[in-house]
Amino acid sequence: MTLAAFEQLEALTAVEIVDHVLTNSCGKATITCSFQAEDMVVLHLLRQRLPDIPVVFLDTGYHFRETYAYRDKIAKTLGLKLVNAEALQSVAEQESQFGILNQTDPSRCCQLRKVEPLMRTLQVYDIWFTGLRREQSPTRRNLKPVEQHALPTGKVLLKVSPLAAWDWNQVWSYTVEHSIEYLPLYDLGYRSIGCEPCTSIPSPDADPRSGRWGGVKLECGIHTFSKREG
């Protein structure tokens with residue numbers, strides 16, 4: 001796709017973006033899914049078109065027990081083709097070698113348990129769907145609905161974020177309208193949900209991701225390790 005073609009996608013709805021990409025792009029598609037509300041909306045859109053799309057979950061070993069229970073329930077109920085991307089070391093092995101990295105060096109922890117497993121997993125795909133939105137964080141305000149990304153290996157794929165322009169009210173309205181079961185942690189006040197040791201409830205007026213990593217950083221690295229082209 002040309003730069004002009006990417007820019008034209010800005011005017012499309014989320015449904016139109018999904019349909020355009022699936023109609024005009026070749027290769028194998030996947031969605032990375034943390035089972036947060038945005039991901040569930042995109043998954044809902046995709047499964048109407050690709051019922052067997054691989055669903056990649058970054059299993060860090062540090063998620064909330066509620067997240068694991070919800071993942072397992074949804075995967076079973078929907079019959080998802082779940083791909084659990086895991087680090088080379090178990091949590092116990094990592095902590096034995098490096099200590100509690102999520103306390104001493106959270107970026108290194110994310111690199112080992114999120115970024116590297118995802119890099120390996122994405123190698124076999126050509127189209128990468130995400131639930132990213134510009135509103136989520138200042139680091140995402142320049143997000144485009146469709147971007148061409150190069151992985152560190154040189155592999156180039158389409159990164160598609162159909163909800164890039166959506167706000168939280170749109171996400172929640174879609175969730176309610178389509179009766180999508182949501183992660184129970186939202187009822188406790190969480191807005192951005194990752195690994196339990198690094199996730200807290202944000203203050204009411206703060207951006208959703210301010211509750212991650214104690215405010216030390218806003219990104220784990222899985223959306224910054226690949227290089228946007230064009």
Do you know the tightest heavy-atom contact between [X] and [Y]?
| X | Y | result |
| --- | --- | --- |
| V42 | G131 | CG2-CA, 4.0 Å |
| V83 | P54 | CG2-CB, 4.2 Å |
| I17 | P162 | CD1-O, 3.9 Å |
| L46 | I53 | CD1-CD1, 3.7 Å |
| L122 | K155 | O-CE, 4.4 Å |
| C26 | I127 | O-CD1, 4.1 Å |

Donor-acceptor under 3.5 Å ([X] side chain, [Y] main chain):
| X | Y | result |
| --- | --- | --- |
| D59 | N84 | no |
| E86 | T60 | no |
| E16 | T13 | yes |
| Y70 | E181 | yes |
| Q170 | D167 | yes |
| R141 | R134 | no |
| E147 | K144 | yes |
| S96 | A92 | no |
| N24 | H20 | yes |

Just so I know, are the side chains of [X] and [Y] near enough to count as touching, which here means a heavy-atom distance under 4.5 Å?
| X | Y | value |
| --- | --- | --- |
| Y186 | Q36 | yes |
| E10 | P145 | yes |
| I193 | L183 | yes |
| V56 | I31 | no |
| E38 | L132 | no |
| M40 | H178 | no |
| Y62 | C198 | no |
| T30 | V55 | no |

Would you sort out whether V171 and R133 count as a side chain to side chain contact (heavy atoms under 4.5 Å, CB included), showing the intermediate values? CA-CA 10 Å; V171 173; R133 297 185 298 113; 3.6 Å; yes
Please tell me whether [X] and [Y] are part of a single hydrophobic cluster in this structure, the criterion being side-chain heavy atoms less than 4.5 Å apart.
| X | Y | result |
| --- | --- | --- |
| L88 | F57 | no |
| L112 | L151 | no |
| L58 | L101 | no |
| L22 | V15 | yes |

Rounded to the nearest 0.5 Å, how far apart are CG of D52 and CZ of R47? 8.0 Å
How long is the gap from CG on L118 to SG on C110, to the nearest 0.5 Å? 12.5 Å
Salt bridge (Lys or Arg N to Asp or Glu O under 4.0 Å) assessment of E196 paired with R65: CA-CA 9 Å; E196 183 172 10; R65 64 178 182 275; 5.2 Å; no
Audit row: K159, Q148, side chain to side chain contact (heavy atoms under 4.5 Å, CB included) steps and yes/no: CA-CA 6 Å; K159 185 175 182 180; Q148 198 166 35; over 6 Å; no
Can we call the ring centroids of [X] and [Y] under 6.0 Å apart?
| X | Y | result |
| --- | --- | --- |
| H63 | F35 | no |
| Y190 | F64 | yes |
| Y174 | W168 | no |

Is it true that T32 and W128 share a donor-acceptor pair across their side chains at a distance under 3.5 Å? yes
If only side-chain N and O atoms count, and only distance matters, is there a donor-acceptor pair under 3.5 Å linking S161 with T130? yes
Only one of R113, R108, Q89 clears side chain to side chain donor-acceptor pair (under 3.5 Å) with Q94; which? R113
Would D126 and L158 count as a side chain to side chain contact (heavy atoms under 4.5 Å, CB included) here? Give the steps. CA-CA 6 Å; D126 305 287; L158 282 184; over 6 Å; no
I would like to know whether K114 and C195 meet side chain to side chain contact (heavy atoms under 4.5 Å, CB included); could you show each step before the answer? CA-CA 10 Å; K114 288 188 173 184; C195 294; 4.1 Å; yes
